[in-house]
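Only one structure is covered here, and it is reproduced in the block below.
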2 protein chains.
Amino acid sequence: MLAKLLCREGQTVSTEDEAIDPVAAAEAWRQRYGPSKKPTINDVARIAGVSKRTVSRVINKSPLVKDKTRSEIGKIIDIIGFSPDPQARGLAFRHSYLIGMIYDNPNPQYVVNMQQGILNGLKNSGHELVVHPCNRDSDSFLQDARQFVERQKLFGVILTPSVSEDERIVAMLREIGCAYIRIASVALENNANMIVSNDRLGGREAGRHLAKLGHKRIGFISGKPSFRSSHERRLGFEEGLAEHGLELDPKFVREGAYTFQSGLDRGSELLQLDPRPTAIFAANDEMAAGLLQALRVAGLTAPDALSVVGFDDFQIAISVWPRITTVHSPVTRLGELAAEKLLLLKEQETPDTKEGENVPWLVERESSGPPAN
Amino acid sequence: MLAKLLCREGQTVSTEDEAIDPVAAAEAWRQRYGPSKKPTINDVARIAGVSKRTVSRVINKSPLVKDKTRSEIGKIIDIIGFSPDPQARGLAFRHSYLIGMIYDNPNPQYVVNMQQGILNGLKNSGHELVVHPCNRDSDSFLQDARQFVERQKLFGVILTPSVSEDERIVAMLREIGCAYIRIASVALENNANMIVSNDRLGGREAGRHLAKLGHKRIGFISGKPSFRSSHERRLGFEEGLAEHGLELDPKFVREGAYTFQSGLDRGSELLQLDPRPTAIFAANDEMAAGLLQALRVAGLTAPDALSVVGFDDFQIAISVWPRITTVHSPVTRLGELAAEKLLLLKEQETPDTKEGENVPWLVERESSGPPAN
DNA sequence: CTGAAAGCGCTTACAG
DNA sequence: CTGAAAGCGCTTACAG
């Protein structure tokens with residue numbers, strides 16, 4: 001019947017008791033304008049024979065639409081390939097569909113993995129990721145961040161360590177009403193805004209590992225004190241040692257900066273001690289690699305002269321020799337979770353957070369073994 | 001005089017022969033609404049006593065504005081802190097102020113350095129960077145990219161290797177009229193759309209270096225054939241060798257994949273040859289590090305058993321031992337240049353490209369030396 | 001369950 | 001050199 005109607009000159013005809021076929025009308029539209037024309041909400045409304053208000057309702061999943069109307073509009077949208085303009089939508093909604101990632105982590109692999117994870121979590125949500133490195137020590141730090149968020153009217157923001165630990169920026173975000181998720185080694189505030197990587201648990205594994213191997217003189221190279229993760233990794237490490245009746249001797253502890261060079265420098269210092277430690281836990285792989293370099297410079301090798309354990313499990317851990325026993329932190333997964341949580345946050349839904357889901361784990365490699373003496 | 005006027009109840013009064021002081025009016029506005037109110041073009045127009053059309057003209061640097069009007073409006077903008085909403089502007093202009101970076105390079109340091117460079121080049125331009133990893137082998141590769149560009153109505157796009165070498169995506173961008181800059185090892189099309197890293201020149205330095213050291217049996221580990229940079233590095237390398245009457249023996253050439261593991265695997269193969277090469281150029285640092293690992297596995301060391309040269313000069317080159325002699329490629333600078341060129345491209349200006357500005361250079365370290373035999 | 005009108009914050013012909 | 005009106009593609013009270 002409809003087929004017959006459509007045959008007349010390829011046009012649909014509507015009479016009082018016959019409805020126009022929306023599918024056919026949509027196909028005709030696509031036919032007429034070719035594949036490159038981008039339809040608007042007005043095109044959809046015209047084809048469907050409804051107001052754009054109604055189309056808007058189906059876009060925004062309002063329940064106040066008759067099922068039949070909804071499904072017809074849905075079909076038309078599919079056929080003509082309509083997708084609402086995020087810019088126009090954003091203008092009306094007073095926000096954009098952009099997620100900001102604000103970071104100051106110096107490790108490229110951390111940044112890229114995190115980005116990848118966030119992007120995974122954003123997939124098919126219609127949101128895009130805009131990246132924003134920052135410098136917490138800059139005078140314009142807060143102002144830069146604020147301008148970034150306000151100008152782009154960001155949908156929300158994901159903060160990674162160590163800027164995620166900065167209460168100033170968090171206060172600012174709250175003040176301007178910007179949704180945010182903080183990724184950090186430990187819960188810094190109520191769960192709704194946090195993704196926690198539980199670095200302490202990872203540090204504990206490192207401590208247990210070295211203790212079980214029989215080490216007694218055990219050293220530690222930290223990150224900068226402004227990095228909370230470094231604290232957590234140390235606390236966990238000490239817990240792991242304590243389980244075996246050991247404790248960290250302050251004279252075997254040095255402050256690094258999460259860089260290769262700091263691992264090399266602080267490592268050299270520790271190696272000059274007499275007696276020197278038989279094992280050292282570096283708070284990240286980059287420093288552990290530097291420590292390995294220090295060993296070489298001193299004419300020593302791991303694990304016979306010194307056991308080395310790192311944290312992160314990035315490529316560097318398996319690019320050096322011996323390969324580094326380290327704690328694996330699921331960075332990409334953290335990014336994914338952060339993105340998902342941010343999306344839920346805006347939907348006012350209560351995120352069903354599985355507590356303790358992210359647990360780092362130990363990866364044993366060749367850089368650690370029993371103590372020599 | 002004006003001061004007196006302003007004293008009356010803090011209001012400005014205008015009489016026939018006295019103009020309102022726009023500065024004072026602007027300050028009063030800021031006073032009244034507090035620091036968090038975001039002004040719009042209408043606020044500026046109202047305070048200045050002009051139409052918003054005129055304000056729009058000064059925002060867009062139209063010459064058709066009287067100097068006095070322009071400077072007054074400029075002052076008001078500064079005082080009340082107006083900055084045009086990119087979303088609204090974009091809606092009217094039919095494009096956004098977002099730059100897309102489309103990449104498929106597997107090296108995190110490359111990606112992060114590139115991003116940083118692009119961001120540097122975008123600074124204070126009012127544009128933001130949205131990142132978009134892609135997979136050239138995916139069926140939806142082209143469609144994904146197209147949707148990304150069209151949905152966000154991107155201002156322009158920066159393509160990095162190897163996706164920058166994909167003619168399909170470039171054709172698509174041209175078809176939909178999206179401005180783009182391709183970053184690549186060699187000019188792939190007319191200069192206006194290219195930033196060239198001249199990898200061949202870098203490869204030549206590597207070749208000269210090993211030739212000068214006296215090596216004769218020289219090997220090469222390439223990247224995947226789909227990476228143009230690998231070709232260029234090899235061609236340059238052969239040029240450098242040729243200058244000294246040497247050429248690459250095919251039996252010392254292996255195909256890697258720019259990864260540590262491929263450097264390890266292909267390196268092991270080359271080391272089993274008899275006689276084995278006395279020097280190997282790996283087309284990137286990651287593979288050179290893998291090659292060093294292969295040496296260790298074989299009970300050999302660099303540079304006495306084998307000289308190793310890499311390419312990139314990333315952190316890995318100085319994290320391993322011996323530190324890798326390599327070719328430095330100014331990735332961050334390339335990103336910066338790409339961003340600047342893209343901005344100029346849209347302004348219809350002819351970019352004044354300094355040809356051959358980006359020249360990679362050799363960095364000598366401990367992994368290379370004279371041949372043993 | 002649906003629609004006509006106004007508005008988000010800008011710009012662009014068109015007049016003057 | 002400047003302005004009133006319409007428009008970019010959406011959404012939101014407000015009616016019905």
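Numbers restart at 1 for each chain; the letters A, B, ... are given by sequence-line order, proteins then strands.
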Length of the line joining [X]:[atom1] and [N]:[atom2], which is rounded to integer Å:
| X | N | atom1 | atom2 | result |
| --- | --- | --- | --- | --- |
| A:L91 | D:dC8 | CG | P | 14 Å |
| A:E72 | C:dT2 | CD | P | 10 Å |
| A:Y97 | C:dC8 | OH | C1' | 13 Å |
| A:N42 | C:dG3 | CG | P | 13 Å |
| A:Q87 | C:dC8 | CD | C1' | 13 Å |
| B:K68 | D:dT2 | NZ | C1' | 14 Å |
| B:K66 | D:dG3 | NZ | P | 10 Å |
| A:R46 | C:dA4 | CZ | P | 13 Å |

Between atom OG of B:S125 and atom CG of B:L343, what is the distance when rounded to the nearest 0.5 Å? 4.5 Å

Rounded to the nearest 0.5 Å, how far apart are CG of A:L337 and CD1 of A:I118? 11.0 Å

Is it the case that over 12 heavy atoms from other parts of the model lie below 6.0 angstrom from the NZ atom of A:K66? no

Nucleotide nearest [X] (side chain, heavy atoms from C-beta), chosen from [options]:
| X | options | value |
| --- | --- | --- |
| B:V65 | D:dG3, D:dT2, D:dC10 | D:dT2 |
| A:K52 | C:dA6, C:dC1, C:dG9 | C:dA6 |
| A:V50 | C:dG3, C:dC8, C:dT2 | C:dG3 |
| B:I41 | C:dT11, C:dC1, D:dC10 | C:dT11 |
| B:A88 | C:dC8, C:dC10, C:dC1 | C:dC10 |

Less than 4.0 angstrom between a side-chain N/O of [X] and OP1 or OP2 of [N], yes or no?
| X | N | value |
| --- | --- | --- |
| B:T54 | D:dT2 | no |
| B:T69 | D:dT2 | yes |
| A:S51 | C:dG3 | yes |

Residues which pass ring pair (Phe, Tyr, Trp, His ring centres under 6.0 Å) with [X], listed by chain and number, not counting sequence neighbours:
| X | result |
| --- | --- |
| A:H127 | A:Y97, A:F155 |
| A:F93 | A:H95 |
| B:F141 | none |

Ignoring hydrogens and geometry beyond distance, is a side-chain donor-acceptor pair present between A:R89 and A:N60 at under 3.5 Å? yes

Ignoring hydrogens and angles, state whether a donor on the side chain of B:Q115 or A:Q115 is under 3.5 Å from an acceptor on the partner side chain. yes

Where each residue is assigned the nucleotide of DNA chain D containing its nearest heavy atom, which of B:D67 and A:I59 is assigned the position nearer the 5′ end? B:D67

Within the sub-3.5 Å range, which N or O atoms of nucleotides 12-16 of chain D have a protein N or O partner, and how far apart are they?
from: D:dA13; atom 1: N6; to: A:R53; atom 2: NE; distance (Å): 3.2

Dot-bracket for DNA chain C, please, read 5' to 3', with Watson-Crick or G-U wobble pairs under 3.5 Å on both distances, ( ) within the strand, [ ] crossing, | other strand, . unpaired. |||.||||||||.|||

Does B:R182 come within less than 4.0 Å of B:E189, counting only side-chain N to carboxylate O? yes

Sequence neighbours excluded - ring pair (Phe, Tyr, Trp, His ring centres under 6.0 Å) pairs with any residue from residues 30-80 of chain A: A:W29-A:Y33

